[in-house]
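One structure below.
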Amino acid sequence: MLHVAIPALVQPINDKRRLSRLFWGIFATTSTIYGVLGVAVTVYLKGRINEVCTLNWADTTSASHRTSLRVYSYFVVIFPSLDVLSAYPLSSIIMANMVEYLFTGNPRVRSGRFLLTVNRFVWATVPLICAVYMSDLVELDKFAGLPAFCAAFIFPGLLQWKSMQMCQKKFGADKTPYTSSWFSNLPVVCIVFGFGVVITIATFVGFLLPG
């Protein structure tokens, strides 16, 4: 969600030069939280970790545990479903808007209300139909990881490279006063893109190999 929300999030900020420090802080905070959680769960559960991490708390939902612990455990177990459910409408709208932009070529040109409703309905229905045929959450996460790698590494690298080309063509330089001195270097862009390609191929090959 961070990728698609960045334009809307940064719009109210007048001094765009603060964005570099802001996003560095965001990435550092989220990386630290996920890192601490990952290490703590690994150390505590050792070799008993389920593929869906939150299911490790399923045993504490039984009646033999106190009520407060059971409530907390239920929240942890169902949290991924609630998280996906909360983002589902927004993801459907974003996907419909992207498809509409592909056909119109202009984000300011909108279809009529009927076509817009049909477009959003289609992209809201497709995941539900797919869920009928693939109900295994672990397998679903594995396949969902492939486009996630593309969205997190490959596409941003390509977009950054294209942005640098457009900036060079229009302004005579591939940097602006708001350009990050580190992230916007071409070698870094190539490393991010290459890393995304490697892990995507490695993951896909892992699907094909037995065991």
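- Cluster annotation: Val77 and Leu45 are assigned to the same hydrophobic cluster (Ile/Leu/Val/Met/Phe/Trp/Tyr, side-chain heavy-atom contacts under 4.5 Å, transitive).
- Ser73 pairs by the side-chain hydrogen bond (donor to acceptor under 3.5 Å, both in side chains) definition with Thr60, not counting sequence neighbours.
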With a 3.5 Å cut-off and sequence neighbours excluded, list the donor-acceptor pairs that the side chains of residues 26-38 form with protein atoms.
unit_1	atom_1	unit_2	atom_2	d
Thr29	OG1	Gly25	O	2.7
Thr30	OG1	Ile26	O	3.0
Thr30	OG1	Phe27	O	3.2
Ser31	OG	Phe27	O	2.7
Thr32	OG1	Ala28	O	2.7

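- Across Arg120 and Ala96, no two heavy atoms sit closer than the pair CG-CB, 3.5 Å.
- Rounding to the nearest 0.5 Å places CG of Leu159 at 13.0 Å from CE of Met164.
- By the side chain to side chain contact (heavy atoms under 4.5 Å, CB included) test, Ile199 is found to be paired with Phe149, Phe153, Phe195, residues two or more places apart in sequence or in another chain being considered.
- A distance of 11.5 Å separates CD of Gln168 from OG of Ser163, quoted to the nearest 0.5 Å.
- Counting only heavy atoms from C-beta outward, the side chains of Leu82 and Ser86 never approach each other to under 4.5 Å.
- The side chain to side chain contact (heavy atoms under 4.5 Å, CB included) test applied to Val99 returns Met95, Phe103, Asn119, Trp123, not counting sequence neighbours.
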Practice problem: Apply side-chain contact (heavy atoms from CB on, under 4.5 Å) to Leu186 and Cys190, showing your working. | Solution: CA-CA 6 Å; Leu186 185 59; Cys190 294; 4.1 Å; yes
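- In this structure, the ring-ring contact (aromatic ring centres under 6.0 Å, His included) partners of Phe75, at least two apart in sequence or on a different chain, are Phe79.
- Hydrophobic clustering of Ile, Leu, Val, Met, Phe, Trp and Tyr side chains at less than 4.5 Å, counting indirect connections, unites Val122 with Phe114.
- For the atom pair Phe193 CZ and Leu158 CG, the distance stands at 5.0 Å (nearest 0.5 Å).
- Scanning for side-chain hydrogen bond (donor to acceptor under 3.5 Å, both in side chains) contacts around Arg66 gives Ser68, with sequence neighbours left out.
- Here Tyr72 contributes atom OH and His65 contributes atom NE2; the two are 13.5 Å apart, rounded to the nearest 0.5 Å.
- From Thr200, atom OG1 reaches atom CD1 of Ile154 across 4.0 Å, with rounding to the nearest 0.5 Å.
- Here the closest heavy-atom approach between residue Gln160 and residue Val189 is recorded as CG-CG2, 3.3 Å.
- Note: the hydrophobic cluster containing Leu69 does not contain Tyr74 (ILVMFWY, side chain heavy atoms under 4.5 Å, direct or indirect links).
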